[in-house]
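Atom set for the values below is all heavy atoms of this structure, side chains included, hydrogens, waters and symmetry mates excluded.
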Amino acid sequence: MPKLITFENYTDMCKKAACIIASQIIMKENSVLGLATGSTPIGIYELLSKWCARGDLDFSKVRTVNLDEYCGLPAGHDQSYRYFMNKRLFDNVNIDKNNTYVPNGLAPDANKEGGNYDKLIELLGGIDLQLLGIGHNGHIGFNEPSDVFISVTHRVELTQETISANARFFNDISQVPKTAITMGLRGIMNAKKILLAANGESKKDIIEKVLNGRVTPKVPASVLQLHPDVTILYSKA
Ligand code: F6R
């Protein structure tokens, strides 16, 4: 069962998450980190950037694979997940950018790109620590509620709920891409350790379902109940 740690505030949650990620890097300098975007990890990446800048953390041998990318957005687009990762973390730490991977949102065949991405994760030796956020509908990466768990990295139609939730990052909801490439649930579940971070009252119900509800593809994150090493960090505010 996932282990739940609850915090009063976002700052404390981020500190804990950053400490867990930092200790992973300290224990294994060439760790493969699975990374997420969205608003939740911003404070975590800020701390990691700070610790690296003052010389307490070394990213020089770290490899990273991101969970997802919007289809149709070039890497330089300010809402692409590649852009987000560069700005929030990679530009601020001593990582070799050649060792950072984000699915290519411009790939002509997103499912083929997915197959290559899965092979890449395998070649890297699998993910040591996967950081996840969670959508209000239980999505992880962009694995949306569905009738089946999809194991491979694939193209996904975003739900209206996800498009609305992500509209806050765009000038207008019509600019939010309708499709994305996401790592599949096998890629996530094969990670040796999983760290899921969620904050705010609005995520309380979904965290409760993930922990105590039925395992069902209607709540994709419920599959985490079947993983042997999951820590959920939840902050109330
Ligand atoms: C992004 C991702 C998504 C987000 C989720 C929560 O890479 O994988 O699953 O983690 O949509 O987003 P925030 O943190 O903005 O609430």
Side-chain angles (χ1 to χ4, degrees), residues 2 34-42 65-74 77-85 102-107 109-115 117-118 130-189 194 196-227 230 232 234:
L35 297 178
T37 60
S39 52
T40 312
I42 290 176
V65 281
N66 260 79
L67 282 166
D68 41 19
E69 180 59 283
Y70 287 119
C71 288
L73 294 193
H77 189 288
D78 65 2
Q79 289 309 325
S80 78
Y81 286 171
R82 161 55 76 182
Y83 184 94
F84 174 101
M85 288 310 303
V102 179
N104 176 8
L106 293 184
D109 180 340
N111 285 324
K112 193 165 161 212
E113 163 72 8
Y117 205 68
D118 286 336
Q130 175 67 56
L131 175 65
L132 297 173
I134 185 168
H136 294 105
N137 61 6
H139 74 220
I140 45 178
F142 273 137
N143 292 280
E144 296 281 36
S146 153
D147 292 334
V148 285
F149 287 118
I150 303 179
S151 60
V152 295
T153 299
H154 60 284
R155 177 180 182 277
V156 68
E157 305 276 338
L158 300 179
T159 60
Q160 201 48 50
E161 193 180 355
T162 298
I163 292 170
S164 306
N166 289 1
R168 68 192 195 278
F169 301 116
F170 291 80
N171 293 330
D172 186 80
I173 191 165
S174 66
Q175 293 174 359
V176 185
K178 310 278 181 295
T179 54
I181 303 180
T182 183
M183 196 189 286
L185 291 166
R186 187 175 55 211
I188 295 172
M189 289 295 280
I194 297 178
L196 186 151
N199 73 296
E201 190 58 30
S202 69
K203 296 272 173 84
K204 194 174 165 203
D205 289 351
I206 192 64
I207 292 297
E208 166 61 25
K209 273 193 199 156
V210 169
L211 283 165
N212 299 315
R214 222 160 51 87
V215 176
T216 163
K218 306 268 185 230
V219 181
S222 63
V223 75
L224 298 176
Q225 287 181 22
L226 307 178
H227 190 283
V230 177
I232 296 182
Y234 172 68

Could you tell me the separation between the [atom1] atom of [X] and the [atom2] atom of [Y], rounded to the nearest 0.5 Å?
X	Y	atom1	atom2	answer
Asp118	Thr153	CG	OG1	3.5 Å
Asn171	Gln79	CG	CD	8.0 Å
Ile134	His136	CD1	NE2	9.5 Å
Gln175	Ile163	CD	CD1	13.0 Å
Ile140	Thr182	CD1	OG1	8.5 Å
Tyr117	Glu69	OH	CD	9.5 Å

Is it the case that the side chain of [X] and the backbone of [Y] share a donor-acceptor pair, with hydrogens and angles ignored and the cut-off at 3.5 Å?
X	Y	answer
Asn143	Met183	yes
Glu113	Asn104	yes
Asp68	Ile181	no
Lys209	Val219	no

(request) Start with the C-alpha distance between Ser151 and Leu185, add both sets of side-chain angles, then the distance that settles side-chain contact (heavy atoms from CB on, under 4.5 Å), and finish with yes or no. (result) CA-CA 5 Å; Ser151 60; Leu185 291 166; 5.6 Å; no
(request) State which residue, out of Thr159, Thr162, Thr179, fulfils the side-chain contact (heavy atoms from CB on, under 4.5 Å) condition with Phe142. (result)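 Only one option passes, and that is Thr162.
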(message) Out of the candidates Thr40, Ile188, Leu35, only one should pair with Leu132 under the side-chain contact (heavy atoms from CB on, under 4.5 Å) rule; please name it.
(response)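 With Leu132 as partner, side-chain contact (heavy atoms from CB on, under 4.5 Å) holds for just one option, Ile188.
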(request) Take Lys203 and Tyr234 through the test side-chain contact (heavy atoms from CB on, under 4.5 Å) and record every step on the way to the result. (result) CA-CA 8 Å; Lys203 296 272 173 84; Tyr234 172 68; 4.3 Å; yes
Looking at every heavy atom in both [X] and [Y], which two are closest together, and how far apart are they?
X	Y	result
Val223	Met189	O-CE, 3.2 Å
Ser80	Pro74	CB-O, 3.4 Å
Phe84	Ala36	CE2-O, 4.4 Å

(request) Any chance you could lay out the side-chain contact (heavy atoms from CB on, under 4.5 Å) test for Asn66 and Arg82, step after step, and finish with the verdict? (result) CA-CA 9 Å; Asn66 260 79; Arg82 161 55 76 182; over 6 Å; no
Close side-chain approach of [X] to [Y], heavy-atom, < 4.5 Å:
X	Y	result
Pro103	Tyr81	no
Phe149	Val215	yes
Pro217	Asp147	no
Pro220	Ser146	no

(message) Ignoring hydrogens and geometry beyond distance, is a side-chain donor-acceptor pair present between Glu144 and Asn137 at under 3.5 Å?
(response)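 There is such a pair (donor and acceptor under 3.5 Å, judged by atom type) between the side chains of Glu144 and Asn137.
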(message) For a quick check under 3.5 Å, do Asn166 and Tyr70 share a side-chain donor-acceptor pair by atom type?
(response)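 Present: a donor and an acceptor within the cut-off.
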(request) Apply side-chain contact (heavy atoms from CB on, under 4.5 Å) to Lys204 and Glu201, showing your working. (result) CA-CA 5 Å; Lys204 194 174 165 203; Glu201 190 58 30; 3.6 Å; yes
(request) Just jot down the side chain to side chain contact (heavy atoms under 4.5 Å, CB included) partners of Pro2, sequence neighbours excluded, or say none. (result)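 With neighbours one apart ignored, the set is Leu211, Gln225, Val230, Ile232.
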(message) Going by salt bridge (Lys or Arg N to Asp or Glu O under 4.0 Å), name the pairs with one or both residues in residues 155-164, residues two or more places apart or in two chains.
(response)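 Found Arg155-Glu157.
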(message) Quick test of your reading: applying salt bridge (Lys or Arg N to Asp or Glu O under 4.0 Å), list the pairs with at least one residue in residues 163-175, sequence neighbours left out, ordered by first then second residue.
(response)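 Residue pairs passing salt bridge (Lys or Arg N to Asp or Glu O under 4.0 Å), neighbours aside: none found.
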